[in-house]
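This is a predicted model, so every value here is computed, not measured.
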Amino acid sequence: MAGGVGSRFWPMSTEQLPKQFIDVLGVGRSLLQLTYDRFRGICKPENVWVLTNQLYADTVAQQLPDVPVNQILREPCRRNTAPCIAYVSWRIKNADTGANIVVTPSDHLVTDIEEFRRVVTGCLKFTQDSDAVVTLGMHPTRPETGYGYIQADLRSPSARNREMFMVDNFREKPDYDTAVKYIEQNNFFWNSGIFVWSASTIINAFRVYSPAIAKIFDSIRPVLGTENEQEAIDKYYPECQNISVDYAIMEKAEEIFVCPADFGWSDLGTWGSLLQQSKRDLYGNAVIGNNVKLFDTRNTIVHTTEAKKVVVQGLDGYIVAEKDGKLLICKLSEEQKIKQYSGEG
């Protein structure tokens, strides 16, 4: 899924070039490309599908040249994750009735690639011959208020895979005190938004729990994969309810499993999360860029890959970022106001 606006990393990311298409980590690959890379060994390029806004389809094609162009699906408008997932699921099932699907956001960070591949491969085996819906739950490392949580029943793992547990509840993003309570228990996990299921299972789930969305895609199924597909999508996709797959399916369906995992995951939603996931010096600073000098500076992230030379002195808890002639210097505690301050919100 690569259609989100993702402009929180201003000045690097904008609505014209959201964060999934930029080299946030300074490694020479965008977050979208890194997502694609970690599926090597799990999924062949010809089996990769990308859902994106029509504004970004050309960018996706440029960054992922090995993905067939007709598998870069263009949303005419934003309708959240449920219609997005429904569209690609109907489209994939048309191409392969026995398909098994992993759904993943394109703007997340994973640091332990081998563990990610092991976990996902196990989940695919679990869903291949069953009606199970699997979501990946990340072991929490702090009382995070920016993530949703999954409450699992850890008393009895699945007999088919001892790493799978039934989901008791999905919890919305909590306040800090509630997050602390979750952390004190061992059966709450961060909701990663990564799902595994068969095409048949998820389509049947839409028909049962979100019949209005299912009706739309059932009605246009004959033209999916033909030259008339985009015209039908442009006409009917805006009629889909604007709803997340969590609300539409996950909180209603039966036989929902969670696979608790720990492969260095972050959704990189903020500069603060990027700081936490980056290599830091003894003073808590992270630097992405060359020829950067820090003096008397702590707990600060500097992202200046284009500047010739940067000297920072006396900052504590700040963001310093530069892109295309735009320079940001902002307190980490105030980063939610960046778009307002920049005049691009």
Side-chain angles (χ1 to χ4, degrees), residues 1-6 49-57 70-107 127 130-136 148-150 166-173 191-258:
M1 297 183 290
V5 175
W49 298 71
V50 182
L51 270 292
T52 192
N53 189 281
Q54 57 189 2
L55 298 173
Y56 312 136
N70 66 347
Q71 290 174 198
I72 301 173
L73 305 187
R74 302 170 177 234
E75 300 170 289
C77 58
R78 297 184 181 93
R79 281 295 180 268
N80 215 316
T81 55
C84 165
I85 289 170
Y87 178 17
V88 74
S89 298
W90 259 262
R91 185 72 171 79
I92 289 175
K93 191 175 181 185
N94 260 14
D96 180 359
T97 57
N100 215 6
I101 300 173
V102 183
V103 177
T104 180
S106 61
D107 57 356
T127 60
S130 73
D131 295 327
V133 170
V134 174
T135 180
L136 300 192
Y149 286 73
I150 301 168
M166 293 294 294
V167 172
D168 275 344
N169 286 295
F170 288 90
R171 305 283 185 169
E172 293 303 308
K173 296 175 183 178
N191 188 349
S192 68
I194 302 172
F195 308 105
V196 186
W197 43 48
S198 71
S200 295
T201 294
I202 190 58
I203 286 175
N204 289 338
F206 271 103
R207 287 171 176 159
V208 172
Y209 302 109
S210 192
I213 291 177
K215 184 178 179 180
I216 289 172
F217 289 100
D218 277 331
S219 70
I220 65 173
R221 183 174 182 180
V223 303
L224 294 180
T226 74
E227 61 183 11
N228 298 318
E229 175 180 336
Q230 194 62 53
E231 181 182 357
I233 289 297
D234 291 346
K235 180 177 180 179
Y236 293 107
Y237 196 85
E239 297 181 6
C240 292
Q241 182 182 4
N242 189 339
I243 187 172
S244 72
V245 73
D246 293 293
Y247 283 129
I249 304 295
M250 304 301 288
E251 295 184 3
K252 301 175 183 177
E254 300 177 0
E255 201 170 359
I256 305 292
F257 291 85
V258 61

Undergrad: Would you sort out whether F206 and W90 count as a side-chain contact (heavy atoms from CB on, under 4.5 Å), showing the intermediate values?
TA: CA-CA 10 Å; F206 271 103; W90 259 262; 3.8 Å; yes
Undergrad: Enter the distance from I150:CD1 to N169:CG here, rounded to the nearest 0.5 Å.
TA: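 The CD1 atom of I150 sits 11.0 Å away from the CG atom of N169.
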Undergrad: Are there more than 12 heavy atoms of other residues, nucleotides or ligands under 6.0 Å from atom CD of E231?
TA: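 12 or below, so no.
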Undergrad: Using side-chain contact (heavy atoms from CB on, under 4.5 Å), reason through Q54 and D234 one step at a time and then give a plain yes or no.
TA: CA-CA 10 Å; Q54 57 189 2; D234 291 346; 4.2 Å; yes
Undergrad: Taking atom OH of Y209 as the centre, report whether more than 12 heavy atoms of other residues, nucleotides or ligands fall under 6.0 Å from it.
TA: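 Yes, OH of Y209 has more than 12 neighbouring heavy atoms, counting only those of other groups under 6.0 Å.
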Undergrad: Out of curiosity, I202 CD1 to T127 OG1, how far, rounded to the nearest 0.5 Å?
TA: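 I202 atom CD1 to T127 atom OG1 measures 11.0 Å (nearest 0.5 Å).
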Undergrad: Considering residues at least two apart in sequence or located in another chain, which fulfil the side-chain hydrogen bond (donor to acceptor under 3.5 Å, both in side chains) criterion with T201?
TA: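 For T201, the residues satisfying side-chain hydrogen bond (donor to acceptor under 3.5 Å, both in side chains) (neighbours in sequence not counted) are S198.
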Undergrad: Under 3.5 Å, which donor-acceptor pairs link side chains of residues 76-84 to any protein atom two or more places apart or in another chain?
TA:
{"residue": "R78", "atom": "NH2", "partner": "Y56", "partner atom": "OH", "Å": "3.3"}
{"residue": "R79", "atom": "NE", "partner": "P238", "partner atom": "O", "Å": "3.2"}
{"residue": "R79", "atom": "NE", "partner": "C240", "partner atom": "O", "Å": "3.2"}
{"residue": "R79", "atom": "NH2", "partner": "P238", "partner atom": "O", "Å": "3.1"}
{"residue": "T81", "atom": "OG1", "partner": "V245", "partner atom": "N", "Å": "2.8"}

Undergrad: Which residue, V134, V133, V196, forms the side-chain contact (heavy atoms from CB on, under 4.5 Å) with F257?
TA: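 Of V134, V133, V196, side-chain contact (heavy atoms from CB on, under 4.5 Å) with F257 is met by V134 alone.
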Undergrad: Once rounded to the nearest 0.5 Å, what's the spacing between atom CD1 of I101 and atom NZ of K93?
TA: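 These two atoms lie 10.0 Å from each other.
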Undergrad: Out of curiosity, I216 CD1 to I233 CD1, how far, rounded to the nearest 0.5 Å?
TA: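 Answer rounded to 0.5 Å: 9.5 Å.
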Undergrad: To the nearest 0.5 Å, tell me how far Y87 OH sits from L73 CG.
TA: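 The distance works out to 4.5 Å.
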Undergrad: Can you name the nearest heavy-atom pair linking K235 to E239, along with the distance?
TA: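 Taking every non-hydrogen atom into account, O-OE2, 4.1 Å.
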Undergrad: Taking all heavy atoms of S89 and all of A199, pick out the closest pair and write down the distance.
TA: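 Nearest heavy atoms, S89 then A199: O-CB, 4.4 Å.
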Undergrad: Out of N191, I194, V103, which one pairs with T135 under the side-chain contact (heavy atoms from CB on, under 4.5 Å) rule?
TA: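 Output: one option passes, namely N191.
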Undergrad: Test: salt bridge (charged side-chain N to carboxylate O under 4.0 Å, His left out). Region: residues 197-220. Which pairs qualify, not counting sequence neighbours?
TA: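 Checked against salt bridge (charged side-chain N to carboxylate O under 4.0 Å, His left out) - neighbours excluded - the pairs reaching residues 197-220 are R207-D218.
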Undergrad: Would you find a donor on one side and an acceptor on the other, under 3.5 Å apart, between the side chain of T52 and the backbone of R74?
TA: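 Not at all, since once roles are kept as given, no pair shorter than 3.5 Å links the two residues.
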Undergrad: Is there side-chain contact between T97 and S200, with heavy atoms separated by less than 4.5 Å?
TA: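 Counting from C-beta outward, T97 and S200 never come under 4.5 Å.
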Undergrad: Please report the interatomic distance CZ(F217) to CG(N94), rounded to the nearest 0.5 Å.
TA: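 F217 atom CZ to N94 atom CG measures 12.0 Å (nearest 0.5 Å).
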Undergrad: If only atom types and distance count, is the side chain of E229 paired as donor or acceptor with the main-chain N or O of G225 below 3.5 Å?
TA: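 Yes, because the side chain of E229 sits within donor-acceptor range (under 3.5 Å) of the backbone of G225.
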Undergrad: Check whether any side-chain heavy atom of I256 lies under 4.5 Å from a side-chain heavy atom of F170, and answer yes or no.
TA: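 Yes - at least one pair of side-chain heavy atoms lies under 4.5 Å apart.
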Undergrad: Using side-chain heavy atoms (C-beta onward) and a distance below 4.5 Å, is I85 in contact with W197?
TA: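 They are in side-chain contact.
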